[in-house]
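Below: the structure, in structure tokens.
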Amino acid sequence: MRVTKKIKEKQIEILGQIYAGAKPELVYSNPFELLIAVILSAQCTDKRVNVTTARLFAKAPDAQSIIDMGIDALEQEIRDCGLFRSKAKNIMATCRTLVEEFDGEVPEDFDTLLKLPGVGRKTANVVSSVAFNRPAIAVDTHVFRISNRLKLATGETPMEVEQGLMKAIPKEKWSDAHHWLIWHGRKICKARKPLCAECPLAEVCPSNEMK
DNA sequence: CTCCCGATAT
DNA sequence: ATATCAGGAG
């Protein structure tokens with residue numbers, strides 16, 4: 001199947017219909033909590049992150065109190081999320097930066113977010129989009145996989161896919177579409193065993209194994 | 001490119 | 001047993 005612009009529009013239309021109202025599964029109550037939750041979510045399920053952050057924020061609700069608890073305690077607190085040593089190190093360094101340079105607040109500027117330790121392009125885009133309501137498309141493992149399978153946007157790197165998606169999707173839908181793709185990746189177009197037989201996008205998917 | 005890493009699904 | 005989970009740093 002050749003995926004024309006027309007077909008991409010149809011893919012986006014269907015995604016918007018089935019995943020209308022999709023929002024993050026991560027639980028957070030302010031930009032700081034979202035930032036920490038997203039850092040923790042690398043190679044970890046959101047469900048597990050939510051259990052961890054609920055416990056963590058009850059003890060340390062802001063940057064200064066995380067600094068105060070110390071690196072060893074932080075490591076133990078987030079252990080269940082995996083990659084815990086590097087995550088603890090990055091969270092600690094990020095909290096110091098927030099306190100020292102931004103009065104304990106999370107900066108809104110994308111490039112400033114990117115400079116925070118442990119914050120890469122994907123995390124910066126999520127915070128920018130979700131916490132500060134700016135149009136952005138964070139390309140995580142799901143968005144990357146689904147975009148390539150649909151050929152909605154193709155590329156070897158998340159950056160390439162991100163740029164392809166920005167061309168294929170109107171700007172006002174960027175943030176929503178980002179969530180549509182994630183939900184589709186979780187519910188239907190799974191990494192290991194995609195459920196093509198029950199996929200509403202089967203007709204417009206070049207990777208569909210059925211028919 | 002490799003390494004970090006526990007929990008979970010298959 | 002193994003692949004995968006809202007990645008990022010060196």
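If you're wondering where the values come from, they're calculated on a predicted model, not measured in any experiment. Numbers restart at 1 for each chain; the letters A, B, ... are given by sequence-line order, proteins then strands.
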With sequence neighbours excluded, residues passing salt bridge (charged side-chain N to carboxylate O under 4.0 Å, His left out) with A:Glu77:
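Only A:Arg55, A:Lys59 meet the salt bridge (charged side-chain N to carboxylate O under 4.0 Å, His left out) criterion with A:Glu77.
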
Can you figure out which of C:dA9, C:dC5, C:dA6 approaches the side chain of A:Asp140 most closely?
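Output: C:dA6.
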
Verify whether one side chain among [X] and [Y] offers a donor that lies under 3.5 Å from an acceptor in the other.
X	Y	answer
A:Asp62	A:Ser65	yes
A:Gln76	A:Asp72	no
A:Thr97	A:Glu101	no

If I take atom [atom1] in residue [X] and atom [atom2] in nucleotide [N], what distance separates them, rounded to the nearest angstrom?
X	N	atom1	atom2	result
A:Leu165	C:dA6	CG	C1'	15 Å
A:Leu35	C:dA6	CG	P	18 Å
A:Ile91	C:dG8	CD1	P	13 Å
A:Asp46	C:dA6	CG	C1'	5 Å
A:Leu40	C:dG8	CG	P	12 Å
A:Ile36	C:dA6	CD1	P	19 Å
A:Ile146	C:dA6	CD1	C1'	12 Å
A:His184	C:dC5	NE2	P	14 Å

Could you pick out which residue, A:Gly118 or A:Val38, lies toward the 5' side of DNA chain C when each is mapped onto its nearest nucleotide?
A:Val38

A:Lys23 or A:Leu114, whichever maps to the more 5' nucleotide of DNA chain C
A:Lys23

Using only side-chain N and O atoms of A:Thr141, determine if any of them is under 4.0 Å from OP1 or OP2 of C:dT4.
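No, A:Thr141 has no side-chain N/O under 4.0 Å of OP1/OP2 on C:dT4.
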
So do A:Ile36 and A:Leu56 actually touch side chain to side chain, heavy atoms under 4.5 Å?
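Contact flag for A:Leu56/A:Ile36 side chains = yes.
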
Heavy-atom distance under 4.5 Å between the side chains of A:Lys122 and A:Val38, does that happen here?
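They are in side-chain contact.
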
Could you give the distance separating [M] and [N] at their [atom1] atoms, to the nearest angstrom?
N	M	atom1	result
C:dT2	B:dC5	C1'	15 Å
C:dA6	B:dT10	P	13 Å
B:dC4	C:dC5	C1'	14 Å

Which is true for [X] with a 4.0 Å heavy-atom rule: it touches a base, it touches only sugar-phosphate, or it touches nothing?
X	result
A:Val119	sugar-phosphate
A:Val126	base
A:Pro158	nothing

Is the closest basic N to carboxylate O distance between A:Glu203 and A:Lys10 below 4.0 Å?
no

A:Arg186 with A:Glu25: basic N within carboxylate O range, under 4.0 Å
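A:Glu25 and A:Arg186: salt-bridged.
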
Protein-to-nucleotide contact annotation, 5' to 3' order, nucleotides 3-10 of chain B [B base; S sugar-phosphate only; - none; under 4.0 Å, heavy atom]:
-BBBSSBB

